[in-house]
Amino acid sequence: MAGVCFEAVGKTFGGSVHAVRDLSLDIPDGEFMVLVGPSGSGKTTALRMLAGLESVTTGSIAIGERVVNTMAPRERDIAMVFQDYALYPQWSVFDNLAFGLRRRKVPRDEISRRVNEAARVLDLEPYLQRRPGQLSGGQAQRVALGRALVREPQVFLMDEPLSNLDAKLRTQTRGEIRRLQQEVRTTTVYVTHDQVEAMTMGDRIAVMNHGLLEQVGTPEQLYEQPANRFVAGFIGSPAMSFIEARSVASVLGSADVPEGAVVGVRPEHARPWREGLIGPLRGTVAFVEALGRETFVGVDVGDTRLVVFEEGRATRDVGEEIEFGLVHSGLRYFDAETGAAR
Ligand code: ATP
């Protein structure tokens with residue numbers, strides 16, 4: 001097994017598109033690292049450079065001790081899982097799993113051992129003799145994972161492998177991939193644009209934006225101590241709201257509010273008014289999202305919109321006035337100009 005190290009890696013397309021800028025990221029052996037960010041942030045390009053499907057423009061990439069910059073993909077000892085997992089429809093699941101190993105002239109006994117082991121880990125044992133057309137979408141996706149697994153590579157690379165599955169299956173397969181990785185402990189780099197997927201799967205998460213690494217940390221670190229406004233707004237759902245410090249200075253007390261700061265508030269830290277909170281603040285209900293056990297209420301305060309969290313099923317009307325308060329320990333401050341946490 002091996003870790004992965006990006007060192008000051010840059011990728012430019014056609015001289016002017018900076019897809020990845022100065023990426024330095026150390027992924028220890030056995031870690032499940034998620035690259036997350038909006039569309040166009042450079043995640044796929046970073047993964048493709050690691051796979052050897054794209055050259056690096058500057059910097060270097062190492063897998064274990066070996067710098068792989070000029071190494072062909074098949075020499076890198078990696079296995080990839082993509083969103084589109086073309087299985088051979090006329091072959092059994094066993095043959096689909098065995099195909100890559102046969103091509104590499106792995107001995108029969110060894111193929112059988114690895115395929116059966118992958119089938120065990122992925123709960124595919126009952127389906128080994130079926131054809132892909134006789135499988136559910138989730139089972140077929142597990143076969144695609146199995147093909148990567150039987151390779152027993154140094155590193156798994158996954159690019160949005162779940163985006164073709166429906167919501168329920170996605171949640172389930174997410175758990176399966178996570179469990180699988182914990183069992184085999186193979187270093188994994190997983191690309192997604194979905195922050196929930198990132199937060200539930202990653203040991204650590206690297207947040208990318210415009211080709212730049214904004215922050216890397218555990219899910220908890222990103223949630224509790226976002227390095228900047230971008231990460232704060234990207235991680236968490238509903239998203240953190242931002243208010244000009246001066247519009248809440250009257251309730252926060254000026255000593256508490258850094259000059260030129262923006263205050264970040266997550267929904268769970270904005271509650272209907274009661275003693276002990278900071279406030280009261282007043283606003284107008286802009287939307288109500290009742291989820292059963294909890295309700296998110298969008299509230300307009302001046303030209304800022306916040307989300308207020310209420311326990312249970314709140315009955316509020318759009319346009320109604322609402323009084324709410326903020327939980328002091330939950331407030332985060334960001335520089336109004338640079339967005340950096342303060
Ligand atoms: P998505 O989630 O939409 O796939 P991403 O974060 O994976 O986004 P990339 O696919 O890595 O982003 O793209 C990063 C930037 O590089 C984008 O601006 C994209 O248009 C550009 N880009 C990617 N591949 C090429 C290419 N082959 N030629 C030119 N530009 C490219």
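We're numbering straight along the sequence, starting at 1. Worth knowing before you read on, the calculation uses all heavy atoms, side chains too, and leaves out hydrogens, waters and symmetry mates. In listed order, ligands and their atoms are each counted from 1.
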Original post:
Does Gly37 reach ligand 1, in the sense of a heavy atom lying below 4.0 Å from it?
Top reply: no

**OP:** For the residue pair Trp91 and Phe99, categorise the inter-ring angle as parallel (less than 30°), tilted (30 to 60°) or perpendicular (more than 60°).
**Re:** tilted

Original post:
What residue and atom, counting heavy atoms only, is the protein's closest point to atom 12 (O) of ligand 1, and at what distance?
Top reply: Gly42 N, 3.2 Å

Original post:
So does Arg316 have more than 12 non-hydrogen atoms from other groups sitting under 6.0 Å from CZ?
Top reply: yes

Subject >> Sidechain-backbone polar pair: Glu110 side chain, Pro107 backbone, donor-acceptor under 3.5 Å >> reply: no

Original post:
Between Val17 and ligand 1, is there a nitrogen or oxygen pair with a distance under 3.5 Å?
Top reply: no

Subject >> Pair Lys43-Thr192, side-chain donor/acceptor within less than 3.5 Å >> reply: no

Original post:
Looking at atom 31 (C) of ligand 1, what's its closest protein heavy atom, distance included?
Top reply: Phe13 CD1, 3.2 Å

**OP:** Identify, for atom 3 (O) of ligand 1, the protein heavy atom at the shortest distance, and state residue, atom and that distance.
**Re:** Ser39 OG, 2.7 Å

Original post:
Can Glu321 and Thr284 be counted as having a side-chain donor-acceptor contact under 3.5 angstrom?
Top reply: yes

Subject >> Numbering as shown, the atoms of ligand 1 that approach Pro38 to under 4.0 Å (heavy-atom distance) >> reply: 6 (O)

**OP:** Tell me which protein heavy atom sits closest to atom 8 (O) of ligand 1, plus the residue, atom name and distance to 0.1 Å.
**Re:** Gly40 N, 2.7 Å

Original post:
Looking just at side-chain N and O atoms, do Asn228 and Glu214 make a donor-acceptor pair shorter than 3.5 Å?
Top reply: yes

Subject >> Salt bridge present between Glu310 and Arg271 (N-O < 4.0 angstrom) >> reply: no

Subject >> Per-atom contacts, ligand 1 versus Ser41 - under 4.0 Å to a heavy atom >> reply: 5 (P), 6 (O), 12 (O)

**OP:** Examine Lys43 against ligand 1 and note whether any of their N/O atoms are separated by less than 3.5 Å.
**Re:** yes

Original post:
Looking only at distance, does Ala19 have an N or O less than 3.5 Å from an N or O of ligand 1?
Top reply: no

Original post:
Of the protein's non-hydrogen atoms, which lies at the shortest distance from atom 7 (O) of ligand 1, and what is that distance?
Top reply: Thr44 OG1, 2.7 Å

**OP:** Would you please determine whether Gly14 falls within less than 4.0 Å of ligand 1 on a heavy-atom basis?
**Re:** no

Original post:
Any chance the side chains of Thr187 and Asp29 put a donor and an acceptor closer than 3.5 Å?
Top reply: yes

Original post:
Protein heavy-atom contact under 4.0 Å for atom 19 (C) of ligand 1?
Top reply: no

Original post:
Without hydrogens or angle criteria, can the side chains of Gln181 and Tyr190 be said to hold a donor-acceptor pair below 3.5 Å?
Top reply: no

**OP:** Quick one: look up the protein heavy atom nearest atom 11 (O) of ligand 1 and list residue, atom name and how far away it is.
**Re:** Thr45 OG1, 2.5 Å

Original post:
For the atom pair CZ (Phe309) and CZ (Phe296), what is the distance rounded to the nearest 0.5 Å?
Top reply: 5.5 Å

Original post:
Is any N or O atom of Glu54, backbone or side chain, closer than 3.5 Å to an N or O atom of ligand 1?
Top reply: no

